[in-house]
Structure formats: C-alpha cells, structure tokens
Amino acid sequence: MRYNKGLKLFSSFAALLCSGVLLNSCIAPAPVKSSATTAQPNTAEKVEPSINSTVHYSGPKQAEATKPPFLFPNPGPFKLIEKDGVEYWQARGEVGKSGGSLKLGSFGGGPKTFNAWDASDVESHGIGMLQFDSLVDFDPWTGKAIPKLAKSYKVSADGRTIDFVMRKGLKWSDGHPLNVDDVVFTYATLIGEGFGETSSRDTISTPGDYPKVVKVDEDTVSFRFKKPFSPFLANLNATMVAPKHIIEPITKRSKAEFHNFWNINADPKTFVGSGPMIVERYVAGQRLEFKRNPNYSFIDKEGRQLPYLDKMVIGIVPDQNTMIIKFLGDEIDLLDNRSVRGIDAALLKQRELSGNFTMYNLGPDDGTMFLMFNLCQRKDPKTGKPYVDPVKQAWFNNEKFRWAISHSVDRKRIINNVQKGVGYPLSTNETEASLYLNKDLKQIEYDPALAAKLLTEAGFVKKGDELFDAKGNRVEFDLITNSGNTGRDACCITIKEELKKLGIKVNYQPIEFNTMTNRVHTSLDWQAIVMGLSGSRFEPYGGANVWKSDGRMHMFDTRLPDKNGLVKAPDARPWEKEIDKLLDTAAGTMDEKTRIDCYNRFQKIAYDQQPFIYIYTNMVLTAAHNKLGNYKPSPYGIYYTPKGTLHNIEEIYIKGAKH
C-alpha cells in the first residue's frame with residue numbers, strides 16, 4: 001500500500017449508476033463472462049505453476065463474493081513472438097497508429113522522487129511503473145499473475161521455490177542488456193538489503209525469511225524461501241526490476257545517498273528504464289513529460305514495436321476542479337481513477353455526447369479513505385520530548401474515544417453530500433472490491449447518542465458546549481488533509497461539524513501533500529489526518545507495510561528506522577502483535593481455509609481497535625475522450641496513478657495522430 005487511495009450505494013444518482021440508466025453507454029447489462037478465467041497464466045509459454053488458486057486467489061466462496069463489472073471481453077493470453085533474437089510479447093488490442101501525445105492531469109505538488117525504489121507516495125511509484133517493468137503483472141481480465149519481463153514462471157510443489165525464465169534479447173532504454181543479473185541485484189541487494197523505501201521488502205517476505213535470490217543460469221533466476229510464502233506473485237508486480245549497471249554504484253555508498261538518487265532535481269537525461277515511457281522533462285509544479293522507450297519489448301500484431309505514443313504529458317493542476325475544466329476543454333485526454341468525483345459525475349454525463357468522450361464505471365475501488373489519530377507514545381530521541389502531547393496521547397490511545405469518533409462520522413451523509421452518492425460507506429480495512437472481505441463485520445452506524453455515552457464511560461465530561469477529559473483538559477486537536485482535494489476537504493469539514501456537537505474542538509487546516517506525508521512518515525508532527533491509501537483486491541498481505549508493527553507505513557504509530565535502516569517495535573501493543581502473527585501465518589501457508597481464517601481475524605481486530613476510522617471507498621469512474629484508441633479499462637487492471645487504468649499503455653494510440 002501507498003499513500004493515495006454488501007455495502008449500499010446512496011442517492012438517486014447512484015441508483016441510476018447501478019441500474020445502468022445513467023451510464024448505459026459504457027456499461028453492459030451484465031458483466032462479460034471471461035472465456036479464460038480458469039486458464040493458467042500464458043499457458044502457451046509453458047508456465048507450469050504447481051499451485052492454482054492458492055498463489056494469490058482466494059477460494060471459490062470468497063472469489064464469488066465480488067463480481068466487478070468487466071466492460072470488454074477477455075482478449076486471451078499474450079503471445080510470445082521471437083524477432084531478430086528478441087522475445088517480444090504481442091499486444092492483444094487492435095492495430096493502432098503510431099505518433100501523437102497523450103495528455104493527462106495531476107493535482108497537487110507533483111512527484112516526491114523519480115527513484116521508484118524510494119517512493120512512498122502513489123504518484124512517484126506510479127511514475128516508476130511507467131518507466132520500469134516487473135517480472136510479473138496481473139492479467140487485467142483474469143486477475144492472475146502472468147509473466148512480464150519473464151517469459152514463464154514455475155512454483156514448486158511445496159510453495160517454497162519460484163523460478164523465473166527471462167525473455168531473450170531484452171534491453172534497457174540506453175541499449176544495455178537487461179537480464180538475470182539485474183533481477184538478482186534488484187531483489188538480493190536493492191530490496192533485500194533495505195535500500196530506499198522498505199515497503200517492498202515488507203510485502204514480498206515475512207520476518208526472518210527473505211528469499212535467497214539465485215542465478216541458476218543465464219536465463220533463469222530462483223527465489224528460495226525457508227517456508228511457503230503464498231502472496232509472493234500477487235505482490236511482486238509492484239516491485240520493478242532495476243538497472244544494475246546504473247544503480248549498483250550508488251548502493252556501494254551510504255543508504256542516505258541512495259535517498260538522493262534520481263530525486264526530483266535529477267537530470268532526466270540520466271534516467272534509464274525498461275517500461276513503455278521514460279521521463280524526458282520535469283518542470284516542477286507545472287508538468288511532467290515522457291518519451292517512448294525505443295527498446296520496449298512489446299510489438300503489435302503487425303510486428304511494429306510499441307508503444308504507439310511518441311510522448312505523454314502530465315499537467316500538474318492546483319485542484320480537481322481545474323482538472324475537470326481542462327478535460328472538458330480538451331486539454332486533458334483522460335480523467336483516470338480517483339479523478340472523477342461524485343460532484344463531477346452528473347455534469348460529465350450530461351456532456352458526454354457533446355464532448356465526444358465516454359464514461360466508464362469499474363465498480364468499487366480497493367483504496368480506502370479514513371480518519372486516523374497519532375497513537376505514538378514515544379519521545380523524540382533528539383529533543384527528549386514526546387512526539388505527541390501526553391494529554392492527547394491518552395485520548396487517542398483510548399479505544400472508547402476512537403469508537404466514539406467513529407460513531408460520530410456520518411458516512412451516509414458524506415457519501416450523499418460529498419461523494420454525491422458515487423461511493424460506498426466503509427467500516428473495514430478491506431473494501432467490497434476485495435476477494436477477502438470479512439462480511440461478518442457490520443457497517444458502523446452514525447449514532448451521536450452512543451458516541452456521547454462512550455465518551456462518558458471513558459471519563460470525559462461535557463460542560464455546556466465543551467468536552468473535557470477527567471483531568472479537566474479541554475478536548476481539542478488539529479486535523480489536516482492534503483490541499484487541493486476538495487472531496488477530502490469537505491469530508492474534514494463534515495467531521496469537524498459533527499464533533500463540535502460532542503463538544504470537541506477541531507482545528508482544521510489543509511496542507512500541501514508532500515508536507516503532510518513528511519509529517520506522517522518522518523517528523524511525526526501531527527495529531528489527526530484524513531487521507532487515503534491504495535489497496536489490493538487480490539491479497540491483503542499487500543498492506544503488510546501498513547499493518548505490521550514494524551512496517552514502514554504503520555502510519556497510526558510510525559516507528560522510525562534506526563541508523564541501519566531497520567524498524568523495530570519493542571513497544572508494539574498486544575493487538576498489533578496479534579495482527580503481525582496473523583498476517584505472517586496467512587502468508588506462510590498455501591492452505592486457503594487457513595488464509596481466509598487469518599485474514600478474517602485480522603480484519604476483526606482492526607475493526608475492534610479502530611486505529612483507522614474508515615469512512616468510504618470510491619466508485620471507480622473514468623472518462624476518456626473517444627480519440628483514444630485501445631482504451632479498455634478493467635477493474636483488474638488498475639494501478640497507481642499516473643498509470644492508473646492504462647494497463648495497456650503500450651497499445652494506447654491517438655486516432656488521427658501524425659507521426
């Protein structure tokens with residue numbers, strides 16, 4: 001997970017969405033049934049996985065619980081084509097036209113880094129996913145792991161060994177060979193030794209069992225665990241293979257220097273990648289320009305090398321309103337996931353025909369929006385002072401206080417008024433999109449009377465219009481979110497109004513996104529935040545970096561790494577330790593019943609303790625101008641922005657473009 005991103009839809013507008021009346025131009029009456037939902041990944045390439053659903057899929061009971069809307073039929077598996085000594089994947093879409101530039105938009109302050117292995121925010125990591133490919137990817141039509149840089153993979157019968165055979169003739173964008181040595185360097189050194197953001201290490205291994213990465217021969221690399229690790233393939237797609245010839249010299253210096261490598265002030269001429277697009281220019285706060293990778297290892301059905309696009313430009317705008325205006329003015333080609341808010345959907349639908357664009361509904365998002373308090377009870381070793389005021393520490397760490405706040409959040413009102421019905425109220429860490437949602441957990445209802453009762457039981461006293469704790473301290477805290485996000489801003493204002501009824505004073509202030517994440521991630525100087533995280537509909541262990549007590553994104557109680565880059569949690573609470581145990585148990589078995597049981601119990605603890613007070617998840621809506629060829633969004637093909645729903649970015653083309 002990274003910073004972002006049965007329940008009922010609310011309002012008549014949402015009802016129209018569900019019925020297909022409002023979006024009938026882009027939603028089929030019923031989901032398209034895939035003809036290959038049980039096929040193994042790329043069977044034509046002789047992949048012989050020894051485990052099927054246990055790789056990263058839940059059992060039938062869980063898998064049938066969610067039926068996302070597929071708007072396009074499954075095109076079948078990729079074909080491996082050898083041409084001039086290079087093994088290419090052949091694109092599955094229609095033959096397009098080369099040339100042209102794709103125009104996208106992004107609101108906020110822009111990326112924090114161009115170092116994909118040091119990225120903690122969605123945008124920086126998403127840029128990395130455009131510049132670098134992974135060993136495997138998700139098939140957007142089946143949700144199964146399929147080879148990407150690899151041409152095949154095989155999982156041993158005991159689930160402890162995964163072998164990958166690399167495609168022949170691969171090259172980096174600078175022409176240097178891309179091979180097994182790059183893979184071994186990436187996973188043994190870069191990720192294995194904890195360079196940069198350690199979240200990747202958290203999600204592809206369990207403590208004490210990071211895989212041994214072995215070069216078997218010139219074409220084969222083997223990952224060897226001491227015990228089974230079932231989420232490996234599901235989480236591997238988010239870790240990109242790095243260019244050893246460029247990055248290895250940096251890893252021979254200090255880890256601090258690695259943090260500065262390819263930062264936002266770096267010269268794009270030094271960037272080398274394996275993905276379809278490479279950053280060519282960055283004008284801070286204004287725009288990000290990409291060029292096509294001339295050595296990308298995909299071709300179309302006529303044998304032409306992809307991508308079709310010559311360039312891609314992301315304009316950075318101050319807020320979401322500006323992005324909508326630019327889209328309607330044809331200055332932006334695509335409003336991707338999390339860009340179309342509820343307040344925009346009706347307007348966009350009205351202008352869909354005249355504006356020559358199409359809206360797409362991909363169902364519930366796997367990302368979450370939540371309120372959290374800073375539960376840290378430690379002191380800053382540099383100053384000797386507590387990170388959080390001890391008075392507020394006591395409130396925030398009181399379970400009844402958190403439940404009182406949770407019952408004060410009017411999720412239905414927020415869905416209706418803020419999201420305009422285009423969203424789903426949320427009370428759990430897994431959303432309706434998740435194959436592992438614990439459906440026994442009930443929706444947390446808005447109940448001010450119960451909230452007041454819980455506060456009284458916790459020793460709080462209301463005097464007039466003001467709430468005080470048992471020691472006579474006025475209950476007051478600071479609330480922040482990232483500026484420019486009108487939805488989160490309205491959500492914070494709603495929460496402030498509701499808590500005022502309980503006598504709680506909330507000092508609300510939106511701040512710049514990178515400043516906000518720095519407070520959570522580094523300085524720990526915050527009290528309460530409304531923000532979002534991306535999720536994974538396929539594998540809850542993808543959130544291990546958030547939920548495990550020593551995870552680098554354990555945001556409600558961030559524990560900072562020591563001088564060696566290691567995070568330790570000697571003060572972990574009993575329920576945090578239990579979550580650690582459950583996640584590791586689920587990851588360490590191929591028995592699906594055990595995995596489901598562990599994930600259900602994990603969700604129950606998260607629900608009971610309320611470290612994250614979940615509010616809602618979005619309905620995934622996108623809008624694309626009809627000049628985009630091969631744009632076929634799928635609920636199983638959604639990535640971190642700016643890649644977003646462009647799972648097939650290499651075959652996207654501009655109709656009528658000039659080369």
Side-chain angles (χ1 to χ4, degrees), residues 41-42 45 78 86-89 113-119 124-138 145-153 162-201 203-205 210-224 232-251 258 261-262 270-279 293 295-298 639-640 643 649-650:
N42 286 355
E45 274 62 76
F78 285 105
V86 180
E87 291 180 320
Y88 295 92
W89 289 125
T113 181
F114 292 114
N115 183 343
W117 301 272
D118 196 37
S124 298
H125 195 268
I127 290 169
M129 298 185 90
L130 286 171
Q131 294 201 101
F132 301 95
D133 275 352
S134 304
L135 281 173
V136 298
D137 204 351
F138 284 123
I146 58 174
K148 191 70 177 285
L149 289 176
K151 69 175 178 182
S152 66
Y153 67 81
I162 305 94
D163 293 334
F164 296 89
V165 178
M166 299 292 289
R167 287 190 280 144
K168 296 179 180 179
L170 298 180
K171 293 181 180 180
W172 292 99
S173 57
D174 63 356
H176 197 281
L178 191 168
N179 52 37
V180 168
D181 293 333
D182 295 296
V183 179
V184 173
F185 165 74
T186 299
Y187 292 97
T189 301
L190 197 58
I191 297 175
E193 295 182 9
F195 283 89
E197 171 60 54
T198 59
S199 294
S200 295
R201 186 175 60 187
T203 58
I204 63 170
S205 66
Y210 187 82
K212 183 178 181 181
V213 187
V214 178
K215 179 179 179 179
V216 178
D217 55 41
E218 292 302 318
D219 299 317
T220 309
V221 60
S222 181
F223 291 76
R224 300 171 182 177
F232 185 67
L233 290 172
N235 294 340
L236 195 62
N237 81 311
T239 60
M240 292 78 77
V241 174
K244 178 182 178 181
H245 66 291
I246 298 293
I247 300 181
E248 185 178 40
I250 310 300
T251 60
F258 183 77
F261 176 68
W262 280 351
T270 66
F271 296 169
V272 173
S274 61
M277 309 299 292
I278 308 295
V279 172
N293 177 0
N295 294 324
Y296 195 54
S297 55
F298 274 63
Y639 300 79
Y640 302 137
K643 187 173 181 179
I649 178 68
E650 68 279 349

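Keep in mind it's a predicted model, so treat the numbers as computed, not measured.
- Listed by first then second residue, pairs satisfying salt bridge (Lys or Arg N to Asp or Glu O under 4.0 Å) with a partner in residues 179-189 read Asp181-Lys215, not counting sequence neighbours.
- Here Val86 pairs with Tyr88 under the side-chain contact (heavy atoms from CB on, under 4.5 Å) rule; sequence neighbours left out.
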Intermediate values then yes/no, side chain to side chain contact (heavy atoms under 4.5 Å, CB included), Ile246 and Phe261: CA-CA 11 Å; Ile246 298 293; Phe261 176 68; 4.0 Å; yes
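- Here His245 pairs with Trp172, Asp174, His176, Pro243, Val272 under the side-chain contact (heavy atoms from CB on, under 4.5 Å) rule; sequence neighbours left out.
- Looking at residues two or more places apart in sequence or on another chain, you find a side-chain contact (heavy atoms from CB on, under 4.5 Å) between Lys643 and Met129, Leu130, Asp137, Lys148, Tyr639.
- When all heavy atoms are compared, the tightest approach of Val214 to Val184 is C-CG2, 4.5 Å.
- The side-chain contact (heavy atoms from CB on, under 4.5 Å) check on Leu170 picks up Leu149, Met166, Arg167, Leu178, Ser297, with sequence neighbours excluded.
- Of the possible donor and acceptor atoms, one in the side chain of Ser274 sits under 3.5 Å from a partner among the backbone N and O of Asp133.
- Residues Pro147 and Trp89 have side chains in contact (heavy-atom distance under 4.5 Å, counting atoms from C-beta outward).
- Checking side-chain atoms of Ser173 against main-chain N and O of Gly273 turns up a donor-acceptor pair under 3.5 Å.
- The two residues Val180 and Thr220 have their closest heavy-atom pair at CG2-N, 3.6 Å.
- Residues satisfying the side chain to side chain donor-acceptor pair (under 3.5 Å) test with Asn237, not counting sequence neighbours, are none.
- With contacts defined as side-chain heavy-atom distances shorter than 4.5 Å, the pair Met240/Ser134 qualifies.
- With sequence neighbours left out, the side chain to side chain donor-acceptor pair (under 3.5 Å) criterion links Glu87 to Lys151.
- The aromatic rings of Tyr153 and Phe164 sit tilted relative to each other, their planes meeting at an angle between 30° and 60°.
- Scored by the side chain to side chain donor-acceptor pair (under 3.5 Å) test, Thr186 finds no partners at all (sequence neighbours excluded).
- Side-chain contact between Phe223 and Leu135 is present, with heavy atoms from C-beta onward closer than 4.5 Å.
- Of the possible polar contacts, one joining the Ser124 side chain to the Thr113 backbone as a donor-acceptor pair under 3.5 Å is found.
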Worked verdict on Ile204 versus Phe232 for side chain to side chain contact (heavy atoms under 4.5 Å, CB included): CA-CA 5 Å; Ile204 63 170; Phe232 185 67; 4.2 Å; yes
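- Every residue meeting the ring pair (Phe, Tyr, Trp, His ring centres under 6.0 Å) condition with Tyr296, not counting sequence neighbours, appears here in chain and number order: Phe298.
- Under the side chain to side chain donor-acceptor pair (under 3.5 Å) criterion, Asn295 pairs with no residue, sequence neighbours left out.
- You'll find the side chain of Pro276 stays beyond 4.5 Å of the side chain of Asn293, heavy atoms only.
- Remark: Tyr210 pairs with no residue by the ring pair (Phe, Tyr, Trp, His ring centres under 6.0 Å) rule, at least two apart or across chains.
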When the side chains of residues 187-195 are checked against the rest of the protein, which donor-acceptor pairs come out under 3.5 Å, sequence neighbours left out?
{"residue": "Tyr187", "atom": "OH", "partner": "Thr239", "partner atom": "O", "Å": "3.0"}
{"residue": "Tyr187", "atom": "OH", "partner": "Thr239", "partner atom": "OG1", "Å": "2.9"}

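- Taking both residues in full, the closest heavy atoms of Ala116 and Gly128 are given as CB-CA, 3.8 Å, listed atom of the first, atom of the second, then distance.
- For the pair Ile247 and Phe258, the minimum side-chain heavy-atom distance is below 4.5 Å.
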